[in-house]
Every structure is written in structure tokens, then in C-alpha cells.
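Quick caveat, the model's predicted, so the values are computed rather than measured. All heavy atoms count here, side chains included; hydrogens, waters and symmetry mates do not.
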Amino acid sequence: MPVSFETDAGLMRAVDRVSFEMRAGETVGLVGESGSGKTTTALALLRLLPPGGIIESGSVMLGGTDVLTLPAKEL
């Protein structure tokens, strides 16, 4: 799930090649160095990226539904 931000110089890639799977009842911890994209990944999963943030591709599947395609009201 690549995530980029629009800048005056064009798109700047903030997160690249993130993939993980969780099953019902599991807990996952996301760890990494400062600035590695943990917060941006979490915000993208929840569709809460700040203005200018773009999820370029990928999916977030929940119960067979791609959350990234849901209208805001359904989300």
C-alpha cells in the first residue's frame, strides 16, 4: 500500500510496500524507527490521512469488503 503526499515538487512517497494480515482475535504491533512510516500506515488504514495524503494503490480488506472503496458514510 504505497502512500504519498502531494508537495510543490510533486508526489513524495512516504510509505512503500507495506503488507500484513490479521485474523480475528489477533493483535498486531507495528514497530520501527522514528520516521519509518508507522503513523502514516495507521492513518492510511483508517483513511485519516491529512490533506495531500494519497493511497496510491492496494486494498484494506475487512470481512471481504475493501474498506478503501467504501463511501465515507459507510466507513
Side-chain angles (χ1 to χ4, degrees):
M1 177 178 62
V3 179
S4 295
F5 288 92
E6 293 177 343
T7 68
D8 292 337
L11 286 180
M12 181 185 80
R13 179 77 45 93
V15 175
D16 195 14
R17 294 179 285 185
V18 172
S19 177
F20 51 90
E21 182 178 328
M22 294 175 56
R23 293 182 177 80
E26 289 184 331
T27 303
V28 172
L30 189 57
V31 297
E33 295 183 24
S34 177
S36 64
K38 300 176 301 292
T39 299
T40 299
T41 298
L43 291 173
L45 289 171
L46 298 169
R47 287 180 37 188
L48 295 174
L49 288 170
I54 300 167
I55 300 170
E56 294 186 55
S57 63
S59 61
V60 177
M61 302 303 293
L62 180 62
T65 301
D66 185 357
V67 175
L68 297 181
T69 64
L70 291 175
K73 191 171 185 172
E74 282 188 53
L75 182 61

Legend entry - Enclosure of L62 CG (heavy-atom neighbours >12, cutoff 6.0 Å):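 Open: at most 12 neighbouring heavy atoms sit under 6.0 Å from CG of L62.
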
What residues, two or more places apart in sequence or in another chain, satisfy side-chain contact (heavy atoms from CB on, under 4.5 Å) together with [X]?
{"X": "E56", "value": "P2, S4, R13, I54"}
{"X": "E21", "value": "R23"}
{"X": "S59", "value": "M61, D66"}
{"X": "M12", "value": "T7"}

Inset, instruction - Answer yes or no: is there a side-chain heavy-atom contact under 4.5 Å between T41 and V3? - result: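 Counting from C-beta outward, T41 and V3 never come under 4.5 Å.
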
Minimum heavy-atom distance between [X] and [Y], given as atom pair plus value:
{"X": "L68", "Y": "A44", "value": "CD2-O, 4.1 Å"}
{"X": "L75", "Y": "L46", "value": "CD2-O, 4.1 Å"}
{"X": "F5", "Y": "P50", "value": "CE2-CG, 3.8 Å"}

Legend entry - Single-linkage hydrophobic cluster, 4.5 Å side-chain cutoff, M1 and L30 together: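 Unlinked, M1 and L30 end up in two clusters.
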
Inset, instruction - Is it possible for you to say whether L11 and V18 belong to one hydrophobic cluster, with membership spreading through side-chain heavy-atom contacts below 4.5 Å? - result: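 As far as the 4.5 Å side-chain criterion goes, V18 and L11 are not connected within one cluster.
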
Inset, instruction - Could you name each residue pair satisfying salt bridge (Lys or Arg N to Asp or Glu O under 4.0 Å) that touches residues 39-50, not counting sequence neighbours? - result: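 Salt bridge (Lys or Arg N to Asp or Glu O under 4.0 Å) check on residues 39-50 returns no pairs.
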
Inset, instruction - Can you tell me which residue pairs pass the salt bridge (Lys or Arg N to Asp or Glu O under 4.0 Å) test with a partner in residues 28-40, sequence neighbours excluded? - result: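 Salt bridge (Lys or Arg N to Asp or Glu O under 4.0 Å) check on residues 28-40 returns no pairs.
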
Legend entry - Nearest-0.5 Å distance that lies between atom CD1 in I55 and atom CG in L45: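 The CD1 atom of I55 sits 7.5 Å away from the CG atom of L45.
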
